[in-house]
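Working notes, structure below.
The sequence lines fix the lettering, A, B, ..., with proteins before strands; numbering per chain opens at 1.
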Amino acid sequence: MTNKTVYISGVGIISPLGSGLADTENALRENRTAISSLNLFPLLQGAPLPVGQVKTLEESNLPRTHRLALHAARQAADGCTSPPDAIVLGTTTGGILTTEQLLRKAEHQKEPYRHHGLNTVANVIADELRITGPALVVSTACSSGAVAIGIGLKMLRCGQAQTVLVGGADSLSRLTYFGFHSLQLVDRNGCKPLDYNRQGMAVAEGAGMLLLTTKKPKQVVAKLLGAGITCDAYHPASPHPQGQGAFMAMQKAIMDAGLEAKDIDYINLHGTGTPDNDLAESKAIHKLFAYPPLLSSIKGAFGHSLAAAGAIEAVVSTLTVSKDLVPGNTGLQNIDADLGLSPLRDPVTQPSSIVLSNSFGFGGNNGALVIGSAETQCSHVYHQAPEGLAIHGYSCLTGAGSTASSLNRMKSGGAVSGMAAIETISENLPQKLIRRLKRLPRMTLSLAQGAHDASGFEKQKPEAVFMGSSWGALSETHDFLTRLNESEERFPSPTDFVGSVHNGPASQVAIMFGATGPNITCSGGDYSFEQAVCAAELMLDDSTQSAFILGADEGHETFSSLLDSSIARGSSLADGGAGLYVNRSRAHAKCYFSLPFYKSCECEDVMAELITSLGKKTKKLDNYVLVLAGIPASMQELGEAQLKKFIALTKLFAPVIPYRQLTGQFGSASAVAATLAASCIDAEHIPGSLVEGSDITIYPTDKILVLGLGKYITAMEFSRP
Amino acid sequence: MSELTEELKNKLVDILNLPKERLENFDENGQLVGGELGIDSIDVLEMVVMVEKDYGIVINNQEVGQKVFSSLANLADYIRENSTNTST
């Protein structure tokens with residue numbers, strides 16, 4: 001058990017209201033809106049809609065989201081004497097604004113697209129601030145920032161890190177500007193949350209970053225007291241009409257902080273200004289609070305900066321608890337009586353110790369945070385979850401087809417690279433459910449269904465979903481941008497926009513299985529599946545909960561070779577992924593596994609650290625019977641050198657299989673390797689044909705190691721339960 | 001059933017990826033949204049785009065939208081009343 005206090009020791013913010021805390025505080029005290037007509041990029045049709053656009057930002061060769069994130073990160077880490085142990089960042093846009101421009105120019109070279117991936121936003125910050133621990137990227141639509149902060153909180157409480165940089169960043173882009181417009185969710189007259197005449201949101205941009213630490217800093221800005229992460233499991237784009245998921249997120253966050261609803265002094269609402277969101281949120285608040293405290297939405301001032309919103313609002317919450325600034329509901333004229341709430345029209349100066357900050361997103365992904373003043377006493381005691389997860393069911397999809405075909409072929413030493421037919425990846429799914437879904441969500445649903453069918457828990461619902469995808473839904477993103485361009489920006493597709501969000505596939509899984517617990521999608525480049533495992537180990541804290549851990553990527557004719565540096569132009573594409581059904585109970589499990597190591601290759605003596613980390617319990621490494629090594633083609637030389645060093649340092653005798661030779665090159669190939677490892681452990685046997693030698697029996701103390709090599713070094717250990 | 005209704009059925013099969021055989025026998029006065037076809041708010045927006053693109057009619061008001069998309073017959077009527085592009 002642990003009762004670690006988590007301090008906020010630094011904050012950074014850049015938004016349409018300005019850069020830094022002082023600008024933000026002044027603008028909020030003046031109740032000023034920064035929403036104005038878009039001029040970031042030219043439009044082919046009609047008058048520009050109102051947006052929240054950052055006015056001044058440093059130029060560089062990085063995409064805009066990266067620059068926003070870096071700007072806020074530098075502020076948050078200012079004065080920090082040593083690099084943070086890890087970074088957890090929420091983003092939905094990554095380098096898409098740059099990619100949109102490149103596609104319009106029909107750029108065929110790979111190099112200009114190198115910052116497209118969401119992971120690159122965290123990586124540029126990690127590189128600049130010399131962060132060598134995990135750089136987790138969370139993409140849960142408009143709750144991303146809040147969810148990233150919630151994950152950082154868990155990392156600190158469990159002792160995995162002592163200082164973590166957390167936050168969110170998103171830039172304006174054509175995808176989000178036209179996407180939200182196509183859903184008729186944008187108010188042409190600016191944004192006025194909770195107003196009787198509200199007609200929607202204003203898409204915005206910005207970044208918010210917070211430095212969290214368990215080491216008491218000289219200057220405490222505020223304390224992060226609790227987080228609640230849930231999923232509506234209701235609809236890909238509409239909130240639950242009764243605000244059920246929102247209610248659960250707020251309730252969990254307050255409980256996590258060891259508090260009761262009556263302790264909350266102020267609620268910083270999600271309050272997007274769309275009719276449905278504000279109504280659902282008001283219902284959730286009435287369910288939780290007999291007498292709601294002071295509350296307001298600041299999106300009438302900032303607009304809705306998507307993944308940045310939760311982080312920006314967390315930064316504003318620190319102003320509330322440290323500077324007595326309770327923000328007004330900018331833009332509000334006539335309160336919507338149906339909401340039954342009394343939002344603050346104007347800011348007030350009033351001491352407030354504890355703030356609840358809400359963020360809800362597409363896919364019904366909800367995150368709520370509780371932030372307290374420096375003086376707040378935190379007495380809540382947290383139960384530490386055991387390390388590792390028990391696998392009860394597993395599945396995979398590859399070019400060879402379903403789980404059985406893929407595993408059989410790999411075990412006989414054959415390659416499974418390629419892309420399965422769309423009919424194969426859809427065969428265990430009801431037609432009605434997949435009507436609107438393209439390749440990645442279909443693969444994801446099929447993997448979840450397969451893992452669940454194999455789990456022996458057919459009648460039990462999983463509570464949580466953890467998903468890793470390097471590139472997200474490429475087909476939907478491509479089709480959205482293509483139709484936008486072909487129609488000269490007149491007819492963007494609402495269906496493709498909803499499908500293009502990275503968390504779309506995982507939220508479809510939640511809807512199919514009624515999974516209302518944490519629903520977290522990570523996008524960590526070639527280490528996306530490992531990031532999903534990391535999130536699952538941290539967030540699946542209730543020993544009775546079960547979850548899916550999924551990893552999948554689709555091969556896309558146009559995008560794969562442009563975006564993925566491991567895929568050569570003109571080469572045949574491979575894709576697929578894997579699913580695991582897990583909980584914390586070893587009883588009747590097929591396999592047990594954990595992720596004991598995740599560090600940047602920039603870390604000094606990283607291989608020695610890896611070996612120390614793997615050997616710290618057993619004091620020896622000779623119980624490995626198989627090593628599956630993941631070397632992305634773009635880092636072949638580096639990866640091979642790392643592997644050679646690992647083998648030399650450990651004096652390893654076990655066979656080593658560079659598994660991408662079997663799976664082909666795609667981001668979440670490590671998920672397939674994980675299922676292969678789990679399947680061998682389950683059978684207590686490694687066929688000789690797989691290792692080009694004799695059959696190997698797996699004894700109770702034996703382990704299979706799945707290594708990730710290249711820019712990051714990761715290790716997953718699989719053993720008998 | 002009018003030619004326009006038939007045309008709309010084909011368009012819905014195409015843009016909403018609905019099974020052709022289910023729409024062929026679908027009652028033009030039957031509930032279009034939230035009914036047995038599984039059409040929801042996102043599909044409605046996709047139909048809004050189709051109506052604008054193919055018939056030049058803009059629907060950007062929720063109240064009007066609810067009425068227009070309540071059935072195929074109402075959708076066809078609305079297009080007939082407001083269209084300058086079709087003679088059906």
Here the pair of heavy atoms bringing V48(B) nearest to Q184(A) is CG1-NE2, 3.7 Å
Minimal heavy-atom distance between P494(A) and E46(B), with the atoms involved, is CD-OE1, 3.5 Å
At a heavy-atom distance under 4.5 Å, which candidate from I15(B), N60(B), D40(B) has the highest pair count against chain A? D40(B)
With no hydrogens and no angle check, is any side-chain donor or acceptor of R436(A) less than 3.5 Å from a backbone partner on N17(B)? no
Does atom CD of E488(A) have more than 12 heavy-atom neighbours, drawn from other residues, nucleotides or ligands, at distances under 6.0 Å? no
What distance do L183(A) atom CG and I42(B) atom CD1 have between them, rounded to the nearest 0.5 Å? 7.0 Å
Non-hydrogen atoms of chain A under 4.5 Å away: do they reach the side chain of L18(B), the backbone, both or neither? both
Which distance, rounded to the nearest 0.5 Å, do you find between the CZ of R435(A) and the CD1 of I39(B)? 6.5 Å
Given heavy-atom pairs under 4.5 angstrom as the criterion, report whether the side chain, backbone, both or neither of E52(B) touches chain A. both
More than 12 heavy atoms of other residues, nucleotides or ligands under 6.0 Å from CZ of R22(B): is that the case? yes
Proximity breakdown for S493(A) and chain B, heavy-atom pairs closer than 4.5 Å: both
Against chain B, label S182(A) side chain, backbone, both or neither, depending on which of its atoms sit under 4.5 Å from a heavy atom there. backbone
When the 4.5 angstrom heavy-atom criterion is applied to P236(A) and chain B, the contacting part is side chain
With rounding to the nearest 0.5 Å, note down the distance linking CZ in R483(A) to NZ in K53(B). 6.0 Å
